[in-house]
Protein chains: 2
Amino acid sequence: MQEVNSPKQKPRRSRPVLVADAIKEWVVKRDLSSGDKLPNESAMIDQFGVSKGTVREALRILEAQGLIVTKTGPGGGSIVGEVSVERTRALLANYFYFQDLSIADIYQMRKSLEPELAASLAGKLTSEQILELRNLADQYPQPAKSAEEEKEQHIASLAFHSKLSDYGKNKLLGFIIGFMSQILTELTLYKQLYEPPNYELWRKGREHQLQLIEALVSGNSNKAREIMASHMQVAETLMKQQEAQIVRRFIAE
Amino acid sequence: MQEVNSPKQKPRRSRPVLVADAIKEWVVKRDLSSGDKLPNESAMIDQFGVSKGTVREALRILEAQGLIVTKTGPGGGSIVGEVSVERTRALLANYFYFQDLSIADIYQMRKSLEPELAASLAGKLTSEQILELRNLADQYPQPAKSAEEEKEQHIASLAFHSKLSDYGKNKLLGFIIGFMSQILTELTLYKQLYEPPNYELWRKGREHQLQLIEALVSGNSNKAREIMASHMQVAETLMKQQEAQIVRRFIAE
DNA sequence: TAAGATTTGTTCGTATGTATC
DNA sequence: GGATACATACGAACAAATCTT
């Protein structure tokens with residue numbers, strides 16, 4: 001599997017990306033972690049035998065991926081920087097900018113994952129966490145009086161799910177659920193308001209949240225799963241009513 | 001919500017970053033899509049009133065995120081580039097480099113998602129796709145004779161799942177499953193081989209693949225779901241036996 | 001094949017900004 | 001405030017890739 005004679009002429013990597021790769025390798029080889037210092041610019045210029053401009057382009061590449069953070073001044077320079085969730089979500093959103101996700105796609109996944117998350121959290125939450133959830137659920141104790149208000153409630157509800165995903169131990173599961181909540185929130189923020197508030201669905205949704213909290217407190221994981229599953233059905237109906245389209249835009253940075 | 005007096009002194013965005021943002025905005029505002037041309041370097045130098053070096057750093061940022069592709073020569077320059085799955089997976093992997101994912105975390109998700117995917121594909125595959133799956137499943141018709149051979153079979157099996165995820169219409173679901181297959185493949189590639197081949201599990205795994213293909217062809221979605229669920233149990237046992245640790249390394253680019 | 005034109009790629013020297021001591 | 005150490009930014013020049021004729 002050599003790269004010789006490969007018909008797929010790979011587009012020759014420019015020097016900045018080669019340097020960026022070299023730096024990444026350097027970091028991994030020494031098993032550096034968040035906060036550890038990298039050599040400064042002039043050291044890299046010597047080390048890799050390239051000019052300042054090239055080194056700087058390489059550093060911008062790593063910075064764009066969230067792998068390093070750079071500071072000026074004495075004691076400054078670049079350090080390894082923990083990649084943030086926000087940036088990662090943004091990068092993932094950029095990918096789906098080109099992929100035409102539908103509401104149905106997102107709900108196919110939510111219906112599988114959210115009940116699983118709820119079940120895994122039953123009996124595992126601290127009283128502070130429970131309190132936070134209650135606060136979110138109580139944020140809108142009355143049915144929405146206008147489409148605008150319903151929108152706000154919908155967003156608060158998504159924040160509830162996002163918060164829940166933070167409480168789980170499974171970082172992958174949490175990330176994906178948080179990502180979907182973000183997409184749906186943006187969708188809700190930007191969408192047209194042409195539907196009147198739906199009282200029946202509102203009532204069910206709120207009821208679900210309260211029942212869910214109760215199940216989480218009592219540690220009944222099967223019940224938590226069931227409630228969340230019903231809730232997803234309701235939420236899906238609500239979203240599909242709006243015939244919303246996924247907002248196409250770059251985010252990142 | 002002004003940025004004045006914000007206690008959270010946000011780390012002043014450098015000029016390349018600002019230029020990169022401006023370019024992104026420019027692209028979105030015109031609703032450009034994959035392949036459309038951006039102004040060339042000198043035009044940007046004029047347009048933004050910055051130096052060549054600054055423009056180039058901005059372009060490297062966008063390139064690192066997969067948003068543009070740059071070519072030299074006449075008619076060259078930068079174009080909007082569809083963000084590739086590979087790059088996106090790599091960027092996501094960078095995030096989880098810091099998050100200590102466990103095998104259990106990944107399988108909690110696989111157990112939820114893979115059966116769902118299987119069910120959604122029942123009766124929807126073309127004969128070419130079925131053939132490809134059969135080929136992958138038939139790649140190792142005999143039980144592994146060595147640990148090394150078992151490793152190869154395990155990787156082939158993951159390729160089977162990856163392929164399956166490509167066939168679905170749900171891009172988000174496909175992406176996540178593909179991502180997990182990739183992580184597990186790397187894990188398998190780099191892990192120590194201290195366990196002897198496990199014939200019983202091998203037999204079950206292969207049986208599952210064949211039964212699954214059959215269910216997919218006949219369009220029995222409930223059966224497809226069930227088989228995949230059992231298969232996930234087996235696969236999880238196999239992985240956990242190895243006590244593998246998630247490989248920590250940067251990928252990307 | 002070869003030459004010329006176009007556009008990105010890379011270097012260097014210099015100057016400026018910024019944080020620490 | 002001044003000295004120091006570092007990143008940030010500019011501009012001019014030259015190198016390399018690639019398209020056209």
Side-chain angles (χ1 to χ4, degrees), chain A residues 3 6-23 26-27 32 35-81 253, chain B residues 3 6-23 26-27 32 35-81 253:
Chain A
E3 57 173 316
S6 172
K8 265 211 170 178
Q9 39 154 2
K10 65 176 72 172
R12 273 197 172 15
R13 303 153 83 75
S14 64
R15 246 184 267 216
V17 308
L18 291 175
V19 172
D21 286 345
I23 296 173
W26 191 87
V27 168
L32 300 188
D36 293 338
K37 250 173 105 34
L38 268 58
N40 64 24
E41 279 189 6
S42 50
M44 290 187 183
I45 292 170
D46 297 343
Q47 184 170 347
F48 300 113
V50 295
S51 78
K52 195 174 31 189
T54 303
V55 167
R56 287 181 59 74
E57 288 183 34
L59 293 176
R60 289 296 84 68
I61 291 172
L62 298 175
E63 209 175 51
Q65 298 175 344
L67 299 176
I68 67 167
V69 178
T70 301
K71 264 179 30 182
T72 61
S78 300
I79 58 173
V80 178
E253 239 304 311
Chain B
E3 56 173 316
S6 171
K8 263 209 170 177
Q9 37 153 6
K10 66 175 71 170
R12 288 140 96 61
R13 302 154 82 75
S14 63
R15 241 182 270 213
V17 177
L18 292 173
V19 172
D21 285 343
I23 296 173
W26 189 88
V27 168
L32 300 188
D36 293 337
K37 252 174 103 39
L38 269 59
N40 63 24
E41 280 185 5
S42 50
M44 290 186 182
I45 292 171
D46 297 344
Q47 184 171 347
F48 299 114
V50 296
S51 76
K52 184 178 162 101
T54 304
V55 168
R56 287 183 57 78
E57 288 182 37
L59 293 176
R60 287 300 82 69
I61 290 172
L62 298 174
E63 207 175 54
Q65 299 175 342
L67 299 175
I68 67 168
V69 177
T70 303
K71 263 178 34 180
T72 64
S78 299
I79 58 174
V80 180
E253 240 300 315

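Here is the naming used below: chain letters follow the sequence lines, and residue numbers restart at 1 for every chain. All values derive from a computational prediction rather than experimental measurement. Computed from heavy atoms alone, side chains included, the values below leave out hydrogens, waters and symmetry copies.
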Output, in order, the C-alpha distance, side-chain angles, deciding distance and verdict of side-chain contact (heavy atoms from CB on, under 4.5 Å) for A:Val19 and A:Met44. CA-CA 9 Å; A:Val19 172; A:Met44 290 187 183; 5.8 Å; no
Apply side-chain contact (heavy atoms from CB on, under 4.5 Å) to residues A:Leu59 and A:Ile23 and explain how you reach the verdict. CA-CA 9 Å; A:Leu59 293 176; A:Ile23 296 173; 4.2 Å; yes
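Side-chain nitrogen and oxygen atoms of B:Ser51 include at least one within less than 4.0 Å of the OP1 or OP2 phosphate oxygen of D:dC10. OP1 or OP2 of D:dC10 sits under 4.0 Å from a side-chain N or O of B:Thr54.
For the pair A:Glu41 and A:Lys52, the salt-bridge criterion is not met [side-chain N within less than 4.0 Å of a carboxylate O].
Using a 4.0 Å heavy-atom criterion, one finds that B:Arg15 contacts the sugar-phosphate atoms exclusively. Residue-level contact check: B:Gly53 touches neither bases nor backbone, having no heavy atom under 4.0 Å from any strand.
Each of B:Thr70 and A:Gly49 lies near DNA chain C, and the nucleotide nearest B:Thr70 is the one positioned closer to the 5' end.
Picking from C:dT10, D:dT18, D:dC6 the nucleotide with the shortest atom distance to the side chain of B:Pro74 gives D:dT18.
Rounded to an integer number of Å, the gap from NZ of B:Lys71 to C1' of C:dT8 is 12 Å. In this entry the distance linking CZ of A:Arg60 with P of C:dG9 reads 17 Å, nearest Å. Remark: C1' of C:dG13 and NZ of B:Lys52 are 17 Å apart, rounded to the nearest angstrom. The distance between atom CG of B:Asp46 and atom P of D:dC10, rounded to the nearest whole Å, is 13 Å. Atoms CD (A:Glu57) and C1' (D:dA7) sit 16 Å apart, rounded to a whole Å. In this structure, the CZ atom of A:Arg56 is 15 Å from the P atom of D:dC6, given to the nearest Å. Between A:Lys37 atom NZ and D:dA7 atom C1' the separation is 11 Å, expressed in whole Å. Regarding A:Met44, its CE atom lies at a distance of 12 Å from the C1' atom of D:dA7, rounded to whole Å.
Contact check for B:Arg60 versus B:Thr70: side-chain heavy atoms found under the 4.5 Å cut-off.
Counting heavy atoms of neighbouring residues, nucleotides and ligands inside a 6.0 Å radius, atom NZ of A:Lys71 does not exceed 12 of them.
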